[in-house]
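First comes the structure, then the notes that go with it.
Residue numbers run from 1 in the order of the sequence given.
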Amino acid sequence: MTTSDSEFNPDLLLAHKLPETHYTYNERDVAIYALGVGACNQDAVDSDELKFVYHENGQEQIQVLPTFASLLTLGSLSNGLDLPGFKYDPSLLLHGQQYIEIYRPLPSKASLINKVSLAGLQDKGKAAILEIETRSYEQGSDELLCMNRTTVFLRGAGGFSNSSKPFSYKNYPSNQGLAVKIPQTQPSAALLYRLSGDYNPLHSDPNVAKLAGFPRPILHGLCTLGFAIKAIIKCICKGDPSAVKTISGRFLATVFPGETLITEMWLQGLRVIYQTKVKERNKAVLSGYVDIRGLSSSL
């Protein structure tokens, strides 16, 4: 059960303003991320993927995979948020879901200001579900670049509302929840992906993984998401990352580095429904949808 210095007050919590955060990246970070989710893994001169890691055909800059936007939230949750009457242990955090909206193509380098807010919080008794929304702007601009909504499951953080009706809050629409190329992860995939900025030892330290109940380090959920969306861009969007408008992904089970990921996808109008499975265990590990721009529904 959570402990706090003050009694839980819903009105105080909902009125609380979270501090802005900053995130700066460059083309090297973008290229490392793309390689970390398997870009050019099967073919180093793949015409659909080389543009994510190299200036090709007169490009002024490399292009950015839309799931790179998920990195902009790093640090907010892992370091612990200061919410009135609610505390949690970041080491017991499990990533449950990610929702991303892209308003314009991500630049290959930028200094960003992130406006962070509480999107949802549910008291589940022994655990809590926390949702944080991050809206990202280029420094000096009022134009919204992208939005992330991160959902995490916090073990041991429930029981904070102390009432017969557990606290439940959500401030976004309910519809924002939820034969292909087979990308295979490398045994070192988590070690490479962590260089993008997610240094949670659950993905690199065997002892930490065992303490958390896993036989060995697991792959980052957002790395799996990157593999899936890259496959959709290649198969549905004809290699054009700017076609991606909205990304929603729900993490269903863990992936171990070295396992083969199969992403199945179905086009419904301008929405791609997808599911990613681990081939070796025939286990669904990720599901969700991607809204796309400017493609014919007959594809």
Side-chain angles (χ1 to χ4, degrees), residues 1-4 6-21 23 67 69-103 113-137 144-178 198 200 220-222 224-225 245-253 271 286-291:
M1 182 176 294
T2 187
T3 59
S4 64
S6 60
E7 184 178 350
F8 179 72
N9 184 325
D11 295 330
L12 186 63
L13 176 72
L14 298 181
H16 182 68
K17 301 296 183 184
L18 292 169
E20 293 181 351
T21 64
Y23 191 92
T67 46
S70 65
L71 301 184
L72 310 184
T73 64
L74 292 177
S76 296
L77 290 165
S78 59
N79 295 328
L81 289 172
D82 182 17
L83 296 171
F86 177 75
K87 303 295 180 183
Y88 64 92
D89 183 349
S91 68
L92 298 178
L93 179 155
L94 290 175
H95 200 158
Q97 189 166 335
Q98 191 78 11
Y99 178 81
I100 305 170
E101 289 187 355
I102 308 292
Y103 302 105
I113 296 175
N114 296 320
K115 297 184 178 181
V116 186
S117 62
L118 179 68
L121 180 63
Q122 297 178 59
D123 187 346
K124 293 294 188 179
K126 293 184 178 181
I129 295 176
L130 176 64
E131 298 178 274
I132 296 298
E133 187 169 286
T134 304
R135 294 180 172 268
S136 301
Y137 302 79
L144 185 59
L145 179 64
C146 62
M147 182 273 284
N148 276 270
R149 189 178 302 117
T150 305
T151 303
V152 295
F153 183 80
L154 303 171
R155 295 170 289 172
F160 55 87
S161 48
N162 296 320
S163 68
S164 58
K165 185 178 180 181
F167 181 76
S168 181
Y169 167 74
K170 184 176 75 170
N171 74 344
Y172 58 88
S174 59
N175 65 347
Q176 292 183 355
L178 298 173
D198 188 342
N200 185 340
H220 307 68
L222 290 175
T224 302
L225 181 66
K245 180 180 179 182
T246 298
I247 300 167
S248 179
R250 183 177 184 183
F251 306 112
L252 307 175
R271 172 165 288 185
L286 172 69
S287 66
Y289 64 83
V290 174
D291 290 327

* Asked: Is the side chain of Y88 donor-acceptor paired with the backbone N or O of L81 at a distance under 3.5 Å, no angle test?
  -> yes
* T151 pairs by side chain to side chain donor-acceptor pair (under 3.5 Å) with which of Q98, E131, Q97? -> E131
* To do: Would you name the heavy atoms of N148 and S70 that are closest together and state the gap between them?
  => OD1-CA, 3.4 Å
* Please report the C-alpha distance between L118 and I132 in whole Å, then the side-chain angles of each, then the deciding distance to 0.1 Å, and finally whether the side-chain contact (heavy atoms from CB on, under 4.5 Å) criterion is met. => CA-CA 5 Å; L118 179 68; I132 296 298; 4.1 Å; yes
* To do: Give the intermediate values and the outcome of side-chain contact (heavy atoms from CB on, under 4.5 Å) for residues S287 and L252.
  => CA-CA 7 Å; S287 66; L252 307 175; 3.9 Å; yes
* Asked: Does R149 use its side chain to pair, donor to acceptor, with the backbone of Y99 at less than 3.5 Å?
  -> no
* Gap separating the OG atom of S117 from the NE2 atom of H16, nearest 0.5 angstrom -> 11.5 Å
* **Sidechain N-carboxylate O distance under 4.0 Å for R271, D291** => yes
* **Y137 side chain reached by K115 side chain, heavy atoms, under 4.5 Å** => yes
* **Exam field: side chain D123 to backbone P166, donor-acceptor pair closer than 3.5 Å** => no
* Derivation and outcome, side-chain contact (heavy atoms from CB on, under 4.5 Å), residues H95 and L222 -> CA-CA 9 Å; H95 200 158; L222 290 175; 3.7 Å; yes
* To do: Over all heavy atoms of both residues, which pair between C146 and I102 is shortest? Give the atoms and the distance, please.
  => CB-CD1, 4.1 Å
* Worked check of side-chain contact (heavy atoms from CB on, under 4.5 Å) between T73 and T21 -> CA-CA 9 Å; T73 64; T21 64; over 6 Å; no
* Cation over ring, K170 on Y172, under 6.0 Å and within 45°? -> yes
* To do: Check for a donor-acceptor pair, side chain of D198 on one end and backbone N or O of N200 on the other, with a separation under 3.5 Å.
  => yes
* **Near-ring test F86/F8, centroid separation under 6.0 angstrom** => no
* Are the charged groups of D82 and K87 less than 4.0 angstrom apart, N to O? -> yes
* To do: Pick out which of L145, L72, N114, L144 makes a side-chain contact (heavy atoms from CB on, under 4.5 Å) with R135.
  => L144
